[in-house]
A.B. asks: 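Can you keep this structure in mind? I'll have questions shortly.
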Amino acid sequence: MSIEVIKPGLASSIQDKGREGKYHLGIPPSGGMDQRSLIAANLLLGNPEGAAVIECALMGPELRFNEARKVVACGAEMTPRVNGEARPLNEVFEVPADATLSFDFVKAGARLYLAIEGGIDVPERLGSRSTYTLGSLGGLNGRNLQAGDVLHILPAHGYATLGRCLPGTLLPEFSKHYQLRVIPGLYAHRLMPESHALFYEEDWSVASEADRIGYRMKGGSPLNFVEREPPFGAGDDPSNIVDACYPIGSIQVPSGSEPIILHRDAVSGGGYAMIGTVISADMDTVGQIQPHQKVRFVEVSLEEALAARVSYQQELERLRQMP
Amino acid sequence: MTKPEIQAPFPGVFYRKSSPDAPVYVEEGQVVQVGDVIGLIEVMKQFVELKAEVSGTLLHFSVDNETVLEAGDVIATMEMNE
């Protein structure tokens with residue numbers, strides 16, 4: 001069967017759990033920015049948890065199904081509609097043959113994950129079907145969906161059950177003011193102590209420049225770096241360093257003005273000091289923050305970050321065990 | 001006579017003109033046709049044109065130039081010509 005894209009939405013792309021282990025070659029992991037919602041959608045349908053789905057940012061697409069197929073939508077709150085009739089989020093429903101699936105305005109969260117029984121059939125590139133648009137790699141021709149695209153769907157496996165839904169305890173919680181836990185470093189010593197303290201004391205708001213590559217923040221006080229002679233190979237700006245590897249989640253502050261949190265389509269390295277790294281357990285949350293919503297950074301220790309990672313993994317395990 | 005509202009289809013910053021020095025796309029009270037550009041919404045490094053989905057008179061804007069919008073916010077009210 002196949003699905004025709006009538007309207008693509010704002011930035012809809014095919015994503016799975018991503019291509020790990022290629023970042024040292026400059027290829028970022030890509031994959032769903034909210035992995036938990038992507039996995040939940042696949043598990044609800046009985047798909048392999050890493051099957052390829054459509055990630056829809058801020059505005060849903062309009063899709064026409066040429067055959068009936070069961071689907072589920074998890075993540076951001078955009079009410080699905082089949083030929084205009086509302087369907088629930090986080091619950092398996094069927095789109096009949098020749099029907100149109102569309103979505104309402106986003107009420108909360110930023111990214112919706114539409115899983116289709118069987119999963120989307122695009123070729124694996126470097127071990128993943130995820131789209132990496134900067135590198136024109138994976139997904140459908142290495143780019144976001146466009147009107148007129150036709151998505152081929154793998155055969156239905158028959159395990160999907162109408163009405164199966166996420167238990168209330170596993171539903172996502174959205175906000176307009178988020179806390180993100182951060183481990184300071186690797187270059188936190190380059191910040192003046194008062195700037196280091198201010199960074200964690202002020203609210204930041206997400207700028208319009210927030211996408212799969214990175215989330216730019218504004219609204220906090222400018223940060224000052226310690227005076228120094230630029231070492232050989234570093235740029236002249238106080239926020240510059242000799243080029244280094246960028247972890248996913250790392251926070252750079254070019255010229256001390258607007259922090260950028262790198263996400264799953266980020267470049268792998270460069271010459272800006274990273275003053276901290278958002279912990280892995282909070283990266284799904286970053287992917288659900290809308291532009292202009294507020295963020296407060298909270299400093300945590302490595303031990304706290306590891307404990308948070310364990311509870312994140314336990315939550316994924318509860319998804320895998322759900323009835 | 002119906003008065004359809006134009007709502008923000010996604011969150012972002014609303015602009016009534018294509019650049020700071022350009023004239024506004026549409027004045028209040030002006031007649032617009034389906035597909036006419038009413039403004040821009042900026043989000044995720046994209047400027048997306050907001051187009052009229054009905055023909056009629058654009059009665060008034062509910063938000064100013066450069067207002068931060070949430071999805072569903074009312075941007076303008078139209079009056080359809082019978």
Side-chain angles (χ1 to χ4, degrees), chain A residues 7-13 33 55-62 76-79 81 102-112 133-134 143-147 174-177 205-216 218-219 258 260 263 265 286-294, chain B residues 2-22 24-25 32-56 58-78 80:
Chain A
K7 291 181 185 169
L10 207 51
S12 305
S13 61
M33 287 179 73
E55 178 183 87
C56 317
L58 300 177
M59 183 165 75
E62 191 177 316
E77 291 172 14
M78 311 182 200
T79 303
R81 290 186 181 271
S102 60
F103 296 88
D104 284 355
F105 298 142
V106 61
K107 292 190 192 75
R111 286 179 175 79
L112 175 136
T133 53
L134 274 185
R143 57 163 171 76
N144 287 343
L145 300 187
Q146 296 173 356
F174 299 112
S175 161
K176 290 180 179 181
H177 193 160
S205 56
V206 174
S208 290
E209 302 91 340
D211 59 15
R212 294 185 44 83
I213 301 163
Y215 260 59
R216 186 184 283 263
K218 58 186 182 184
E258 297 183 342
I260 301 168
H263 218 298
D265 280 3
V286 175
Q288 289 294 1
I289 308 177
Q290 290 183 9
H292 312 294
Q293 292 184 335
K294 296 257 184 299
Chain B
T2 51
K3 292 190 174 175
E5 288 174 334
I6 300 173
Q7 291 172 284
F10 49 85
V13 182
F14 175 67
Y15 297 94
R16 284 189 60 187
K17 37 195 180 180
S18 60
S19 71
D21 303 327
V24 295
Y25 285 106
V32 296
Q33 307 295 326
V34 173
D36 282 358
V37 176
I38 286 165
L40 298 175
I41 303 180
E42 179 196 10
V43 76
M44 295 193 299
K45 304 174 193 165
Q46 305 177 53
F47 287 87
V48 182
E49 290 180 341
L50 182 72
K51 294 177 180 169
E53 291 185 355
V54 295
S55 299
L58 194 146
L59 286 182
H60 69 268
F61 282 95
S62 315
V63 293
D64 294 328
N65 191 42
E66 296 187 32
T67 301
V68 173
L69 301 174
E70 290 191 32
D73 282 356
V74 175
I75 294 172
T77 307
M78 301 269 298
M80 285 169 75

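Order of the sequence lines sets the chain letters (A, B, ...), proteins ahead of strands, with each chain counted from 1.
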A.B. asks: Among A/G9, A/S208, A/P291, A/A11, which residue has the highest count of heavy-atom pairs closer than 4.5 Å to chain B?
C.D. replies: A/S208
A.B. asks: I want to check something: taking the side chain as every heavy atom from C-beta on, are A/Q290 and B/V43 in contact at a cut-off of under 4.5 Å?
C.D. replies: no
A.B. asks: Surrounding CD of A/Q146 (heavy atoms of other residues, nucleotides or ligands, distance under 6.0 Å), is the total greater than 12?
C.D. replies: yes
A.B. asks: Out of curiosity, A/R216 CZ to B/K45 NZ, how far, rounded to the nearest 0.5 Å?
C.D. replies: 8.0 Å
A.B. asks: Using a cut-off of under 4.5 Å on heavy-atom pairs, state which of B/P9, B/A71, B/G72 scores highest against chain A.
C.D. replies: B/P9
A.B. asks: Given heavy-atom pairs under 4.5 angstrom as the criterion, report whether the side chain, backbone, both or neither of B/V48 touches chain A.
C.D. replies: side chain
A.B. asks: Which answer fits B/V68, side chain, backbone, both or neither, if we ask what part of it has an atom under 4.5 Å from a heavy atom of chain A?
C.D. replies: side chain
A.B. asks: Quick check on the interface: out of A/L10, A/D211, A/I213, who has the most heavy-atom pairs with chain B under 4.5 Å?
C.D. replies: A/L10
A.B. asks: How close do B/P11 and A/V106 get, counting heavy atoms only, and between which atoms?
C.D. replies: CD-CG1, 3.9 Å
A.B. asks: At a 4.5 Å cut-off on heavy atoms, which part of B/Q46 comes close to chain A: side chain, backbone, both, or neither?
C.D. replies: side chain
A.B. asks: Tell me if the NZ atom of A/K176 is crowded by more than 12 foreign heavy atoms within 6.0 Å.
C.D. replies: no
A.B. asks: Heavy-atom cut-off 4.5 Å, strictly under: side chain, backbone, both or neither for A/A57 against chain B?
C.D. replies: both
A.B. asks: If I measure from the heavy atoms of chain B, does A/E209 come under 4.5 Å with its side chain, its backbone, both, or neither?
C.D. replies: both
